[in-house]
> 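Following this message is one structure expressed as structure tokens.
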Amino acid sequence: MATITYREALNQALAEEMERDEDVFLMGEEVGLYNGAYKVSKGLLDRFGELRVVDTPITELGFAGVGVGAAMVGLRPVIEFMTHNFAMLAWDQVFNSAAKLHYMSEGQFNCPIVFRGPSGAALQLSAQHSQALESTYSHFPGLKVCTPATPADAKGLLKAAIRDNDPVVFMEGELLYAMKGEVPDDDDFVIPLGVADVKREGSDVSIITHGKMVHVCMQAAQKMEKDGISAEIVDLRSLRPLDVEAILRSVHKTNRVVYVEEGWPYVGIGAQIVDIIQDEAFDYLDAPVARVTQADIPMPYAKQLEKMAKPSAERVIEACEKVLYRTV
Amino acid sequence: MATITYREALNQALAEEMERDEDVFLMGEEVGLYNGAYKVSKGLLDRFGELRVVDTPITELGFAGVGVGAAMVGLRPVIEFMTHNFAMLAWDQVFNSAAKLHYMSEGQFNCPIVFRGPSGAALQLSAQHSQALESTYSHFPGLKVCTPATPADAKGLLKAAIRDNDPVVFMEGELLYAMKGEVPDDDDFVIPLGVADVKREGSDVSIITHGKMVHVCMQAAQKMEKDGISAEIVDLRSLRPLDVEAILRSVHKTNRVVYVEEGWPYVGIGAQIVDIIQDEAFDYLDAPVARVTQADIPMPYAKQLEKMAKPSAERVIEACEKVLYRTV
Amino acid sequence: MAKTKSAAGSDRDEQPSRNGQPGRSGKADGGQSSDEQASKEQPEPSGGNAPAKESNGKLDGLGRERLQEMLYQMLLGRRFEEKTAEAYAIGKIGGFCHLYIGQEAVTVGAFEPLRPDDYVISAYREHVQALVKGIPPRNVMAELYGRADGCSGGKGGSMHLYSAEHNFMGGWGIVGGQVPLATGYGWAIKYRGEDRVALCFMGEAAVNQGAFHESLNMAALWKLPVIFIVENNRFGMGTAWERASSLYDISQKASAYDMPAAVADGMDVLNMRKVVKEAVDRARTEKTPTLIEARCYRFMGHSMSDPVHGVYRTKEEVEEHKELDPIRRFIDQLKEASLLTEDELQAIDKRVHEEVDDAGEFADNSPEPTEEALYSNVYASEDVAGRLYFDGRRQS
Amino acid sequence: MAKTKSAAGSDRDEQPSRNGQPGRSGKADGGQSSDEQASKEQPEPSGGNAPAKESNGKLDGLGRERLQEMLYQMLLGRRFEEKTAEAYAIGKIGGFCHLYIGQEAVTVGAFEPLRPDDYVISAYREHVQALVKGIPPRNVMAELYGRADGCSGGKGGSMHLYSAEHNFMGGWGIVGGQVPLATGYGWAIKYRGEDRVALCFMGEAAVNQGAFHESLNMAALWKLPVIFIVENNRFGMGTAWERASSLYDISQKASAYDMPAAVADGMDVLNMRKVVKEAVDRARTEKTPTLIEARCYRFMGHSMSDPVHGVYRTKEEVEEHKELDPIRRFIDQLKEASLLTEDELQAIDKRVHEEVDDAGEFADNSPEPTEEALYSNVYASEDVAGRLYFDGRRQS
Ligand SMILES: Cc1ncc(C[n+]2csc(CCOP(=O)(O)OP(=O)(O)O)c2C)c(N)n1
Ligand SMILES: Cc1ncc(C[n+]2csc(CCOP(=O)(O)OP(=O)(O)O)c2C)c(N)n1
Ligand SMILES: [Mg+2]
Ligand SMILES: [Mg+2]
């Protein structure tokens, strides 16, 4: 175990997988000479050279498609979107190409590609740069989606994503890159897709969440502890495949659920989890599932407005109190 | 009242609004000389000329952006996407431009634009041409979304969408264009956004749906009638704004709900409706809400496979029986 | 090596209709750009005039057998599409269906210089390209019928024919969407240090799409062995090219990327082959991409639902272009050079008819895909924990 | 009218660094393309050499007052950005922040021929463009501070400055995203038969985006009065232009659209103005679009978080370019032509400092947006039935 940052964890995952399999290469804006806009690919150009760490023009649609083409003929591209906000320009290639090729060709072509980059808000980047897009990606069959919240998960899941034979959308967080955590040194430390992680055991209420929000939920849980509320935190880690068993296990245990996500509410991930819970654990719910999301608006720039718009520990606590029928 | 096709209803709405307001124009692929890929704009070029009925190159991103720019300076563009499948190429302009401009500029610029075209599967068009994308559009605040199921709704809602000062995504159906129905002749027949329509009164189970699926649900309801099951069909008509009152009214009445949609299940519209119902009518539900969607796969070409993949009256009936705890 | 064309694209003055006329000018200058100014400045890679019979009894270095094989491919394409039209008319084929009739010379000429390991991707008007790349007519027809023996298992249909075995990377339904993919094949070839090439076909209307421009820039910047062949059949659905592009001359667009370019007469299989061969050779050796405009004409409607002529072109225009039928033309060339006898022609015709009939029968008898097929091949790796499907019907 | 440039774009042979050198060649040939071959073939619209003082005591037809106003605008831009850097350093400004220092001549020169009713849109390096278009420094600074008096109510920030009153249509955060919007303004101008023009600024890296190409085609095809000004400051973040584009010469890309094009020296405000004026006049009268490459250089890092020099450029390179400081250069030109005295310069400098300080104070004292602002202006028409917001906090 070493304590490293989320950024370093991703860097290790990339380096190890590139070392392990020469079909793996990294392509995107500023990933090479500049070492990555967020320095995730630091040192990789020097180590692997220009064929395997490729700086692209600012043409998201184009290089995403180049990646899909390369994947069709057996390479394993890791395509970095500087952020997933810009990936919208490439969504045709993600949704109409990557997600459908295997099926349309009756399995003749695989698409082992990873589309990675930060998703969601950082600090005061305003509307076009602050979108958490998990819901949209997860909607399309043919894709797999991961949202690691910690350095260990980032490393283990990225390695799994690169080894997976399907297109995987990998969603990181600008505000997570500098976060430190313990990560196994083992070169073969891989976290399989579809396995949730109970980040905190609890008995009164289940807070189910993914990605960056795990940390907001942890703060909330610690505060609630003081008021004698024991909150369990289930981090889904991947949204497709989804660890439904882990969700149900926690619901059976607490009978009260809050779903917390960074994105917008309308058809957010939480809505889908609510649907699964009411369908498969209807009689176990002592209260409606409550949801915490970002405000249902484009993200504003002003510091205070942005703060109000983002999910906060306070709002998570309010939601927990609601499902616990406690009102303060 | 005249009996006309859905196609003619849209054509009338366009013609009447262009007649009424000279800032309204239609732009898209083949809308002019060719009279529209699906003939929705038949005769409009002759009637209104090349400045108001504009054939574009095949550049969805580009002409969607041209529309947004024109809307920013006070025109009221109706942008036709030959189908919403191709609109993915333009989503950056829909989500990052149209949906956010009013907010980012603190209301200095409006974006009164309609993005219309067919959505969802027709017959054997396979994966890239058969996607129902309501869920993705509805997720983004700043947009409004309509899904008319009948000629009358098509006309009334399109007129409302054109008069609305916000960007409206208008989702039609290739298989609906030829459908006939009664439509008021009145030039000022407008159906306000956000008002659902009970397409069929019933007392045993509420089938809530939108768009093309209304007709599948009608078939199902008629069949169930024979087995003595009285199904109510609530057509949401617009997904954003959403007529929550109408949903709750029906739930209070029947206590059993099935949501039917053409799109994929994961974070489909149905998931959001389930969330609203369990949150706001928790104690009124006698059974979990059941959902009927397309199979969770890219749409296959083969006739039989496509049939199996689409929501059908049979599957709607099964779902109703499930929430009624009847098993046959 | 070819220089980038450099005319100011000022052929806007000329009548696009004249300019866009395939064959006419095309045949005359054997693939010269019809923009005289430009062609004077620098000859097109294709160079030369109409093929002359060589002492060794070859045309453009192609022997009797090879030439007749090319004729066979053109006829196969023609008859296959005619059969397809019939089958569509009686409902055996569904969905959208775009026929290639009239454009056979583009594909047969372009494929002649290829090796089996070269990649080809195209758009949705790709039936004939699938056949010429080697997919058996049986499996192509079965795919159109939506049967289990189809080259895409019945899941793709007319717009999505695939064969990994033949390096046929697909038809494509999104206009321009295949261009970045082809660039990706070029990237993979470079990555692995191979000497394959990738051919990317598209209709002229795809040239306006951003994906085209983003791809050409990367292909030129990274020196990828990709040949972009634009089939300028004059129309994108009902929109004439001159109504969709501010510049008629497509090859000129390569100058924005400092990429070699050429114009070929898409109604002349030998000229087409000559122009593409030069680009292919250059791609194998120098790893440079090329943009080729193949001037051709669509004899049928855009798709089965579009009349042959109507609002956007006259009966006369269509008839006039049918005069340039690339198959009749090639037959004449071969006979003139006494490289084809009437008997040989009959034999080829017979062989083609038999194959096409056999393909139809095979498709008729091929089974529908089973219900199990519905959920097969959505994902390549289903051995994951957790749930992949959320429709409650198929839980992984 | 200008002819489309038509060089084979073969200046790949030249050193891009030489080629990309603003000022040097630029000043010499007053906006000629540095591609000699091309410029020999056909003169750039800009034509002429460095400005000569005219008998009437004007430079390029501009009088003392106007010229000094331009100098004022350049200095205002420079000092405003310096103030911005300070404020950012102490946390008064958040988010991404891209400074314009070194590129002032591009904007001030380009705006001189404009009328107040002309539209301008740019990318995220737009503070100075917002100022020169007429938004008071107070409201721009307040926006950077995220305050209620900001020109976007504090909701947009550095990348999203707007003023409908001044027809400043925004900064834009998506590289290339503003280009179709500008084309839309051009469309609206044509639709209404007005004689306005639309200026669209973008960095050179945006030229590779598909949106740029789709837009230029429509602008040329439909004859829209849009002037596309590419600020080639040599780098897109850490990527030198020659590493991102297969063709260095950006103006050459207009030939793919048969669109007039020109290269301007973006370090020379008068040359910049001359080149843009010609395009603006043409746009008002002939309704034709123009593509202009303004060769300039970014003196600061890409954003506040990017060091001025580092992996992608050396200290020496930056210093060398600072020699070409457009403001110093303009001051020299004016003094040489005795159109500016030292006292006048001091007065301008004083005025600028006062305005910038005032802007800072104003921003400091401007209130934060209130909680009500959070949900205001999401929709323009909220008088609809049904629910618009789904977070349970604000139900409409
Ligand atoms: C992105 C996209 N937009 C629109 C369409 C609808 N469409 C299908 S084919 C076509 C015309 C394409 O013409 P061209 O590229 O010249 O090819 P051709 O049909 O002439 O072979 C259009 C508009 C599509 N399939 N994809
Ligand atoms: C579509 C998109 N991709 C990537 C980015 C991230 N990004 C912001 S600025 C920039 C560089 C742009 O360079 P250029 O266009 O030359 O403008 P400059 O910064 O030099 O003024 C990049 C890659 C973005 N904002 N939008
Ligand atoms: Mg065509
Ligand atoms: Mg730049």
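The figures here come from the full heavy-atom set of this structure, side chains too, leaving out hydrogens, waters and symmetry mates. In what follows, chains carry the letters A, B, and so on, assigned in the order in which the sequence lines appear, proteins first and then strands, with residues in each chain numbered from 1.
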> Is there a donor-acceptor pair closer than 3.5 Å between any side-chain N or O of A:Y301 and the backbone N or O of D:L144?
yes

> Sort A:L123 into side chain, backbone, both or neither according to what part of it lies under 4.5 angstrom from a heavy atom of chain D.
backbone

> Relative to each other, are the rings of D:F96 and A:H129 parallel, tilted or perpendicular (30° and 60° limits)?
perpendicular

> So, the side chain of D:N208 versus the backbone of A:T59: is there a donor-acceptor pair under 3.5 Å, distance only?
no

> Does any heavy atom of chain A fall under 4.5 Å from the side chain of D:Q209, the backbone, both, or neither of them?
both

> Give, as side chain, backbone, both or neither, the part of D:S305 having an atom under 4.5 angstrom from any heavy atom of chain A.
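The answer is neither part of D:S305.
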
> What part of A:R315 gets within 4.5 angstrom of chain D, counting heavy atoms only: side chain, backbone, both, or neither?
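Only the side chain of A:R315 comes within 4.5 Å of chain D.
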
> Out of A:A309, A:P298, A:G62, A:A302, which one racks up the most heavy-atom pairs below 4.5 Å with chain D?
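Among the listed options, the one with the most contacts to chain D is A:A302.
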
> Under a 3.5 Å distance rule, please check whether D:Y389 uses its side chain to pair with a backbone N or O of A:I297 as donor and acceptor.
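Looks like no, no N/O pair under 3.5 Å.
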
> Hydrogens and angles aside, do A:E30 and D:T239 bring a side-chain donor and acceptor to less than 3.5 Å of each other?
yes

> Counting only non-hydrogen atoms closer than 4.5 Å, does A:E318 touch chain D with its backbone (N, CA, C, O), its side chain (CB onward), both, or neither?
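For A:E318, neither part sits under 4.5 Å from chain D.
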
> Which atoms of A:Q294 come close to chain D, meaning under 4.5 Å heavy atom to heavy atom: side chain ones, backbone ones, both, or neither?
backbone

> Run the numbers on A:S126 and D:M159 for side chain to side chain contact (heavy atoms under 4.5 Å, CB included), then give the verdict.
CA-CA 8 Å; A:S126 65; D:M159 300 189 287; 4.1 Å; yes

